[in-house]
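Notes to accompany the following structure.
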Amino acid sequence: MTVIAKPGTRQSSPARRNARRKGNETTPVSSRLPHRASARKNLWISVALALLTLIVYSSLRHHPFVDYDDQSYVTENKHVQDGLSWDTFTWSITSTEASNWHPVTWLSHALDCQLYGLEPSGHHWTSLLIHMLNVILLFLLLERVTLAKWKSAFVAALFALHPLNVESVAWIAERKNVLSTFFFLLALGAYAWYARRPGVRRYSLLALLFALGLAAKPMVITLPFVLLLLDYWPLQRIEGWIQPSDTFPVPQRPPSRVIVEKLPLLALSAGSAVLTIVAQSDSVVSTQALPFGVRLATVFYAYGVYLWKLIWPVGLALIYPHPGRTLAFWKPFLGATLILSMTMLAWQQRKRQPWLLVGWLWYLGTAVPIIGVMQVGVQVVADRYAYVPLIGIFLILVWGLALAADAAQLPTLARALAASCVIAVLACLTWKQAGYWRSSADLWSHAIEVTTNNSMAENFLANTLFKAGRYQEGMAHLRVYAAAEPLDPEAHVRVGADYQDRAQLPDAAREYEQAIHANAIMQKRIGMPGLEAGMLAVTYMNLGLVYAEMGDSGKAVTNAQVAIATDKSAIIQMIQQLAQAVTARPSHEGYTRLGLLLQLVGHADEAQQAFAQARQFEAAPSVIPNPKGQH
């Protein structure tokens, strides 16, 4: 029997609980229903949040694609550039490019290409629009289930304008983050709808939205666990654990039933996990390169770093150096202590302040897929990883500050002024942070400026400068990168070639030797692919040439023999390239190097001809083209 409250009356708590136990939806008291004035206010708040977000991020319309994953996602991806078609659809379903299975993300990029081509402003507008929708959804969802209008608005404003979220919005390749969150928030709304009156139709919508979120980015894999948190608060569905909600009445269910109804969603999570592991198999860092103990330490460290960046959002960068084995002991210890202390406090206050437990477990739980236990790529901390997890901390901060303001009996005006100041500061910081995305060079230069020992940023900046034709500047940064990364053979080969062209022979020999050593370690000890056979052969031959020019004939011959044994065809091509180069730009040094190379491979007559050509030129310093395109 459905229990209906008469207008202007209030049901007793036992009556409401009895109705919910029977699976019926209790009609809320009319005074609690969102009336037209409240709906209009929600509309204006939503418009204000959207406009504020739009203004703060408006500079993105002038920004280009960046030289970091935007190529593989858009600018060099033919499937995406073909727009929406059946071929693009079938490719997106089967593709694991970019080490992910995310067909919805691929199709969103394809739609952008169909609408805007390769004009980056359109792609930026789409990402910003999705972020704005996420902001509005977050506000409306929180307000609907808590009826705390201004607290919900403040949480949404923090989410909209916190600088940590700039990376997710400004980076076109990170469309998957805002898009998956869009479906994640829609799924939360569908779950609240389902909780009011459970049924197959409503559950099917929830499952569909969750599947779309997973197909945009597997980051939302933790949704079933988030729903369990929401069952505790604010939905308050778990029978015997918490009193029913007065603000969003739903029928309560036994704990076992609440868990069982999540099993189909957990099956979707398991399927997504398998697909993700397969897609990222080539990018997973082995336990040899990063032992479990180091990973565990960085987990505690990362949790602490995100909280610190939430409070002090300056010095943000696209890439942070992985601390690895050099991580100071006190950092993960402090992180672990903080996690333990907050967890104990949240558990102790679970009855009086349930939002504290829910917000804290939201933060810990939603960060699990990206916290570094299964290390993919080079980063353990990234701003984009905080997009969803920090919603839980925003919730704690806003509800906690409101509680403190109530205890201090602060007037409404003082609260509004304080909130406005926070929003204004965050808006300024976000505007400034978004400005660093105006070019790839600015982005990487900023990362180097605000971090220390950031070898990856040095490498990306070097490549960006090379593409811009700024070779000398790029090589300066590449040398810094190579000095910090002894196990990157390609970088050492490239630096060695530059030293060789400048006749800095001892430096060139050192870099080539380091490249060969790094290649052996990569292949034998770590089990990762090293240099291709052709490049390895050319490296040995260049090392032989360096020793020949230094007068060490023994080492020169030995390295030349290894080069020929490694890939003889690559050495033949190397000779041809060098011959063409010195013909186009004849010089004493160029013909001398060609003669030495021909001599090392046993072509004595041709070597003598090259030496004769060399004697026709003065031995003036000049840049010698290096074969095999090492620049």
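Values reported hereafter were calculated over all heavy atoms of this structure, with side chains retained and with hydrogens, waters and symmetry mates removed.
- The distance between the ring centers of W444 and Y68 falls below 6.0 angstrom.
- The ring of Y57 has its center closer than 6.0 angstrom to the ring center of H131.
- The backbone N or O of M541 sits nowhere less than 3.5 Å from a side-chain atom of N559 that would complete a donor-acceptor pair.
- In this model, a donor atom of one side chain and an acceptor atom of the other lie less than 3.5 Å apart for Y512 and Q500.
- For S95 and S92, the side-chain atoms include no donor-acceptor pair closer than 3.5 Å.
- In this structure, CZ in R61 is found 10.0 Å from OG in S121, a value given to the nearest 0.5 Å.
- We find the CD-OH distance between Q504 and Y499 to be 6.0 Å, quoted to the nearest 0.5 Å.
- Side-chain contact check for D82 and S85: no donor-acceptor pair (N or O, by modelled atom type) lies under 3.5 Å.
- The distance between the ring centers of H102 and Y73 falls below 6.0 angstrom.
- When the shell of 6.0 Å around CD of E532 is examined, it contains 12 or fewer heavy atoms from other residues, nucleotides or ligands.
- Aromatic ring centroids of H79 and W91 lie under 6.0 Å apart.
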(request) Take R175 and D70 through the test salt bridge (Lys or Arg N to Asp or Glu O under 4.0 Å) and record every step on the way to the result. (result) CA-CA 10 Å; R175 167 77 55 77; D70 280 358; over 6 Å; no

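- Of the possible polar contacts, none joining the H162 side chain to the P313 backbone as a donor-acceptor pair under 3.5 Å is found.
- Between K217 and E174, at least one side-chain N (NZ, or NE/NH1/NH2) sits under 4.0 Å from a carboxylate O, which counts as a salt bridge.
- Between D507 and R502 there is no salt bridge, since no side-chain N of the basic residue sits under 4.0 Å from a carboxylate O of the acidic one.
- One distance of note links NE2 of H124 with CG of L129; it measures 14.5 Å at 0.5 Å rounding.
- To the nearest 0.5 Å, atom NE2 of residue H446 and atom OG1 of residue T451 are 8.5 Å apart.
- Salt-bridge formation is not detected for the pair D69/K176: no Lys NZ or Arg NE/NH1/NH2 atom is positioned less than 4.0 Å from an Asp or Glu carboxylate oxygen.
- To the nearest 0.5 Å, the span separating CG on D488 from CG on N459 amounts to 6.5 Å.
- Residues meeting the side chain to side chain donor-acceptor pair (under 3.5 Å) test with T430, sequence neighbours left out: none.
- Rounded to the nearest 0.5 angstrom, Y301 OH and L334 CG are separated by 12.0 Å.
- Using a 3.5 Å distance cut-off with no hydrogens or angles, the side chains of Y385 and N177 do not pair a donor with an acceptor.
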